[in-house]
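Taking it in order: structure first as structure tokens, then the write-up.
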Amino acid sequence: MFAGTYTEAVTITKTDIDLIAVGKPGDVRIQAPAGADIAVQVAGGAKDVDIVGFTIVGGNAGIQFGTHFDSPASASGSGSAIDDTVFGYAQVGIEAIGTGTHVEVARDTVRGPGTASSSAPIGIQISDGARGEVEGNIVGGNLGNSTNEGVGILIFQTSNVEVEHNVVFGNDEESCWRRSPAALT
């Protein structure tokens with residue numbers, strides 16, 4: 001995609017798609033329309049989908065691989081989010097969810113709203129059977145409220161997730177592993 005702001009929600013359900021921003025960092029922006037659930041979603045069994053170099057703004061989730069925790073593997077989505085900037089999301093910046101989903105999340109900048117909110121945002125989440133590598137990202141500003149904490153990187157109900165060399169700061173909880181932390185690699 002070339003320089004400019006694209007106001008749309010993007011859903012990718014085909015395998016071996018490369019969505020690559022052309023230009024300098026920040027030149028290509030995907031802005032989720034008002035009320036959009038997900039700005040960029042990879043699902044429907046799509047594999048090898050690479051999202052590289054975008055600024056992605058808005059939605060409940062900025063980038064989501066897979067669908068919901070109870071979805072079959074045929075609803076999964078796999079690939080990578082590399083060198084993206086994600087902000088303006090209500091719930092999750094970058095998410096990989098569900099059995100059959102495998103992601104590489106690398107060198108991304110994920111910024112929560114930076115002020116306390118009722119939604120308790122999460123910067124990067126790998127969960128519910130998804131597998132992945134989370135490496136070299138900058139994640140900050142995910143703040144919730146007195147009953148619900150925001151989290152920088154959240155790994156839960158899964159194994160085979162590698163998390164290393166990330167800079168995580170300014171969140172209620174920097175990183176959180178729930179259920180089977182010994183299974184994490």
To the nearest 0.5 Å, what is the distance between [atom1] on [X] and [atom2] on [Y]?
{"X": "Tyr89", "Y": "Ile63", "atom1": "OH", "atom2": "CD1", "value": "11.0 Å"}
{"X": "Gln125", "Y": "Ile94", "atom1": "CD", "atom2": "CD1", "value": "12.0 Å"}
{"X": "Asn160", "Y": "Glu133", "atom1": "CG", "atom2": "CD", "value": "9.5 Å"}
{"X": "Glu104", "Y": "Glu162", "atom1": "CD", "atom2": "CD", "value": "10.0 Å"}
{"X": "Ser119", "Y": "Asn145", "atom1": "OG", "atom2": "CG", "value": "8.5 Å"}

Show the nearest heavy-atom pair for residues [X] and [Y], with the distance to one decimal.
{"X": "Ala9", "Y": "Ala36", "value": "CB-CB, 4.4 Å"}
{"X": "Gly62", "Y": "Ala39", "value": "O-CB, 3.2 Å"}
{"X": "Thr55", "Y": "Phe87", "value": "CG2-CE2, 3.6 Å"}
{"X": "Lys14", "Y": "Ala46", "value": "O-CB, 3.5 Å"}
{"X": "Val92", "Y": "Glu95", "value": "CG1-CB, 3.5 Å"}
{"X": "Ser78", "Y": "Val42", "value": "N-CG1, 4.0 Å"}

Without swapping roles, check the side chain of [X] against the backbone of [Y] for a donor-acceptor pair under 3.5 Å.
{"X": "Thr158", "Y": "Ala130", "answer": "yes"}
{"X": "Asp172", "Y": "Val151", "answer": "no"}
{"X": "Asn171", "Y": "Gly150", "answer": "no"}
{"X": "Thr101", "Y": "Ala96", "answer": "no"}
{"X": "Asn137", "Y": "Val105", "answer": "yes"}
{"X": "Asp83", "Y": "Gly53", "answer": "no"}

* **For Ile124, the option from Val134, Ile155, Leu154 that meets side-chain contact (heavy atoms from CB on, under 4.5 Å)** => Val134
* Asked: Between Ile51, Thr85, Val110, which is the residue that forms a side-chain contact (heavy atoms from CB on, under 4.5 Å) with Ile56?
  -> Ile51
* How is the hydrophobic cluster of Val167 composed, in terms of its other members, when Ile, Leu, Val, Met, Phe, Trp and Tyr link through side-chain heavy atoms under 4.5 Å apart, directly or indirectly? -> Ile138, Phe169
Do [X] and [Y] belong together in a cluster built from hydrophobic side chains that touch within less than 4.5 Å?
{"X": "Ile38", "Y": "Phe54", "answer": "no"}
{"X": "Val10", "Y": "Phe65", "answer": "yes"}
{"X": "Leu19", "Y": "Val86", "answer": "yes"}
{"X": "Val57", "Y": "Phe2", "answer": "no"}

* Sequence neighbours excluded - side chain to side chain donor-acceptor pair (under 3.5 Å) pairs with any residue from residues 15-41 -> Arg29-Gln31, Asp37-Asn60, Gln41-Gln64
Within a strict 4.5 Å, meaning less than it, do heavy atoms of the [X] and [Y] side chains meet?
{"X": "Phe156", "Y": "Asp128", "value": "yes"}
{"X": "Ile82", "Y": "Asp50", "value": "no"}
{"X": "Arg131", "Y": "His102", "value": "yes"}

* Which is it for Val103 and Ile126 under the side-chain contact (heavy atoms from CB on, under 4.5 Å) test, yes or no, and what are the steps along the way? -> CA-CA 9 Å; Val103 297; Ile126 312 292; 3.8 Å; yes
* Tyr6/Val28 under side-chain contact (heavy atoms from CB on, under 4.5 Å): CA gap, chis, key distance, verdict -> CA-CA 8 Å; Tyr6 299 85; Val28 184; 3.9 Å; yes
